[in-house]
**Student:** 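Got a structure here, written out as structure tokens. Questions coming.
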Amino acid sequence: MKRQTKKTPPARTNMWGGRFAAAADARLKRFNDSFSFDWRLLEEDITGSIAWAGALRRAGVLSQNEETRVARALRSILAETQGKPLPLDDHEDVHSFVESALASKVGPLAKKLHTGRSRNDQVATDLRLWLADAALEATSHVAALAQTLVALAKREAATPMPGYTHLKQAEPVTFGHWCLAYVEMLFRDADRLVAAFARGDECPLGSGALAGSPVQVDREAVAAALGFSRPTANSLDAVSDRDFAADYLYASTLMLTHLSRLAEDLIFFSSDEAGYVELPDAMSTGSSRMPQKKNPDVLELVRGHAARAIGETTGFLALLKGLPLAYDKDLQLDKEPLFRMRDTLSAALPALEALVAGLQLNRDRMRAAASSDLLLATAVADALAARGVAFREAHDIVGRRIAEAIAKKKTLKELGPGGGITAADLAALDPSRSVAAKKAIGGTAPARVRRAAAAAAKRADALARRVGKETRE
Ligand code: ARG
């Protein structure tokens, strides 16, 4: 008798196998699967799925008992996978992993959970939940760095050092004033991160694949259950919008751009030539060859990461450009730049904060450098102007005297009064006097810096409190 070969359908190894005659090729899997990186959305995917189970129960798709079983199983999946290696090669993405883990706990009931839902609104929701945390985490790092810089500004409110334009010695400023310049940038960065958080504060779940959900779900309730302020307004937009993520990347990139300037300043301040600051040993690196070396690697890496971040943001915008509505698989590639940015920020900012907190100032060297004619010529011109000489003329008088001093290899002080400059004018050759004169709002006078630091301390503390509050909610 001839053996009957039963024609069995191929094994369904994924969520969409029904219409396919062949199982997925290994090469397709390798290229198409995203579980190797989107596992980072596991917690958000489970949270979203629990909320969806609630929505399905309220819509009459699941019974109370079924919702309870699904939610309990989902919670246990989360608990059981914490800190354990995941079977990254065995699943297409985090969504199919959660569904199959659920099936192994509740059997066929797991198949009901995807009613009226698509991975498109699911992943958009997961990503928004994840990004809210990432934006708040970045904001809390910014608040901490700002607090550290403010503390330094308070302590060094009256410490003069050279200020530069074109990297040429220009006028003395206080070290505290320099600190607060970066604090202002960080406050704007924090605003932008909070705005990215707010931009993502709408819930896509219930948008279906692109057209909306056929189930009469209460989207307001789903949004509220997940901590969002409201549901998204348009399903086509909701499954393809990644603006909130672009906002986060841009905010982070501009922040790193600011920090790259801070890094560059500190690299110069700590150079053997300037020697204004000494980096803490614990935040510096050595050379395998040159025993004397103490290198500013942390600062150089911050500068380097700013470059990379610009690439990430540019690449992300390029990914979105020209995408037809609604969801396209290109969007699967939205996640890695975001994951990388979060990892970068959460390593770079605490390192930078530790470095700034441990800076040792060489105040004598700063003051000596700030006492040069190069930095105080303007103060002498200001002294002439203060006794009625037109500033343009004062500028000319001092300029000619400087040229004379350079020719005679002397300082203005050594040259003494003459050429329209009095002994009283020369008293302006004092960095403390120069900085003290800059009393108007925004200036470098120690009294002004102290007030600015006190105001900045309040803002930084309020920012830290706000992040704490949002995180707890
Ligand atoms: N892994 C996918 C992503 O990250 C999930 C959404 C898949 N949707 C789809 N229609 N293939 O974007």
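Note: hydrogens, waters and symmetry copies are ignored here, and every other heavy atom, side chains too, is used. Order of appearance sets the numbers: ligands from 1, and atoms from 1 within every ligand.
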**Student:** Quick one: nearest non-hydrogen protein atom to atom 10 (N) of ligand 1, plus distance?
**Tutor:** Asn120 OD1, 3.1 Å
**Student:** Could you tell me whether the side chain of Asp38 and the main chain of Val94 form a donor-acceptor pair under 3.5 Å?
**Tutor:** yes
**Student:** Are any non-hydrogen side-chain atoms of Met161 and Val173 less than 4.5 angstrom apart?
**Tutor:** yes
**Student:** Just by modelled atom types, is the Thr174 backbone N or O under 3.5 Å from a matching donor or acceptor in the Thr444 side chain?
**Tutor:** yes
**Student:** Write out the residue and atom name of the closest protein heavy atom to atom 2 (C) of ligand 1, then the distance separating them to 0.1 Å.
**Tutor:** Gln332 OE1, 3.3 Å
**Student:** So is Glu92 close enough to ligand 1, meaning a heavy atom under 4.0 angstrom away?
**Tutor:** no
**Student:** Testing the 3.5 Å rule here: is there a donor-acceptor pair between the side chains of Trp16 and Glu92?
**Tutor:** yes
**Student:** What residue and atom, counting heavy atoms only, is the protein's closest point to atom 4 (O) of ligand 1, and at what distance?
**Tutor:** Lys335 NZ, 2.6 Å
**Student:** For ligand 1 and His95, I'd like to know whether there is a polar contact (N/O to N/O, distance under 3.5 Å).
**Tutor:** no
**Student:** Tell me, which protein residue and heavy-atom name are nearest atom 12 (O) of ligand 1, and how many Å apart are they?
**Tutor:** Tyr327 OH, 2.4 Å
**Student:** Starting from the C-alpha separation in whole Å, work towards a yes-or-no answer on ring-ring contact (aromatic ring centres under 6.0 Å, His included) for Phe268 and Tyr164.
**Tutor:** CA-CA 12 Å; Phe268 170 61; Tyr164 299 82; 5.4 Å; yes
**Student:** Quick check: does any side chain N or O of Lys84 sit under 3.5 Å from a backbone N or O of Glu80, one acting as donor and the other as acceptor?
**Tutor:** yes
**Student:** Identify, for atom 11 (N) of ligand 1, the protein heavy atom at the shortest distance, and state residue, atom and that distance.
**Tutor:** Arg119 NH2, 3.8 Å
**Student:** By number and element, which atoms of ligand 1 are closer than 4.0 Å to a non-hydrogen atom of Ser34?
**Tutor:** 1 (N)
